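This one's a predicted model, so the numbers in the text were calculated from it and none came from an experiment. Numbering of ligands and ligand atoms starts at 1, following listing order.
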Amino acid sequence: MPWVNHEMCTGCGICIQECPVGAISIEDSGYADINEDDCIRCGKCHEVCPQEAVRHDGEKIPQEVAANLRWVRKLLGHFQESAEQAAFMERMMRFFNKERKVNEKTIDAIKAAKDDPVKGIDAAIRDLPAERNTG
Ligand code: SF4
Ligand code: SF4
């Protein structure tokens with residue numbers, strides 16, 4: 001999702017006027033901020049910002065990796081023995097590997113649905129084993 005680099009934002013408010021769902025506001029700091037839950041990822045704020053202050057998701061990868069590692073480090077503090085720590089690290093690898101697989105399969109489904117997105121995504125959801133079981 002897009003995010004605002006406060007070092008580049010002048011608080012001009014142009015992005016707020018263009019956002020179709022009112023997901024952007026000017027915070028007390030005087031800079032724009034995007035509400036992640038409301039944002040529909042239309043990209044308009046990125047297009048209209050005269051300062052290029054609305055940045056892409058990809059630039060946050062290092063911070064998100066750091067947040068993951070801080071979480072792992074925090075949980076690691078609960079395990080003192082080296083065998084316990086090793087088992088915990090294995091579990092963490094399995095957890096993040098599962099996250100990777102979920103993302104890869106989601107990307108594959110989005111790619112496959114490109115020609116007819118609405119029908120394609122609906123069909124992909126229907127075809128999932130869990131969805132069949134709960135349907
Ligand atoms: S358009 Fe750009 S500079 Fe203006 S408030 Fe939005 S993010 Fe900040
Ligand atoms: S991407 Fe679209 S919905 Fe999200 S904050 Fe920007 S203008 Fe609003």
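The distance from the CE atom of Met89 to the CG atom of Leu75 is 11.0 Å, given to the nearest 0.5 Å. Between Glu64 atom CD and Glu59 atom CD the span is 12.0 Å, to the nearest 0.5 Å. Atom NZ of Lys98 and atom CG of Asn103 lie 9.0 Å apart (nearest 0.5 Å). With values rounded to the nearest 0.5 angstrom, Asn5 atom CG is found 11.0 Å from Glu52 atom CD.
Both the backbone and the side chain of Cys45 come within 4.0 Å of ligand 2, counting heavy atoms alone. Contact annotation for Asp38 and ligand 2: no heavy atom of the residue comes within less than 4.0 Å of the ligand.
Checking Arg94 against Asn97 by side-chain atom types alone, no donor-acceptor pair falls below 3.5 Å.
Panel note: side chain His46, backbone Ala53; no donor-acceptor pair is recorded below 3.5 Å. In this structure, the side chain of Asp57 engages the main chain of Met1 through a donor-acceptor pair within 3.5 Å. Counting only distance, with no hydrogens or angles, the side chain of Trp3 and the backbone of His56 share a donor-acceptor pair below 3.5 Å. Here the side chain of Gln51 pairs no donor or acceptor atom with the backbone of Cys9 at under 3.5 angstrom.
Listed by atom number, the atoms of ligand 2 under 4.0 Å from Gly43 heavy atoms are 1 (S), 2 (Fe). In summary, the atoms of ligand 2 found under 4.0 Å from a heavy atom of Ile34, numbered by their order in the structure, are 5 (S). If you number the atoms of ligand 2 from 1 as listed, the ones under 4.0 Å from a heavy atom of Pro2 come out as 1 (S). The contact set between ligand 2 and Val21, taken as ligand atoms under 4.0 Å from a residue heavy atom, comprises 3 (S). Close contacts of ligand 2 with Ile24, meaning ligand atoms under 4.0 Å from a residue heavy atom, involve 5 (S). Close contacts of ligand 2 with Cys39, meaning ligand atoms under 4.0 Å from a residue heavy atom, involve 1 (S), 3 (S), 4 (Fe), 5 (S). Residue-ligand proximity, Cys42 to ligand 2, at heavy-atom distances under 4.0 Å covers atoms 1 (S), 2 (Fe), 3 (S), 7 (S). Heavy-atom contacts of Gly11 reach the following atoms of ligand 1: 5 (S), 8 (Fe) (cutoff under 4.0 Å). When each atom of ligand 1 is checked for a heavy atom of Gln51 under 4.0 Å away, the hits are 3 (S).
With respect to atom 5 (S) of ligand 1, the closest heavy atom belonging to the protein is Gly13 N, 3.2 Å. Scanning all protein heavy atoms for the shortest distance to atom 4 (Fe) of ligand 1 gives Cys12 SG, 2.3 Å. In this structure, atom 8 (Fe) of ligand 2 lies nearest to the protein heavy atom Cys19 SG, 2.4 Å. Taking atom 3 (S) of ligand 2 as the reference point, the nearest protein heavy-atom neighbour is Ile40 N, 3.4 Å. Protein heavy atom in closest approach to atom 6 (Fe) of ligand 1: Cys15 SG, 2.3 Å.
Atom 8 (Fe) of ligand 1 has no N, O or S atom of Cys49 under 2.8 Å away, backbone or side chain.
Between Phe96 and Trp71, the angle of the ring planes goes over 60°, which puts this pair in the perpendicular group of the 30/60° scheme.
Hydrophobic clustering keeps Ile14 apart from Ile24 (ILVMFWY residues linked when any side-chain heavy atoms are closer than 4.5 Å, directly or through intermediates).
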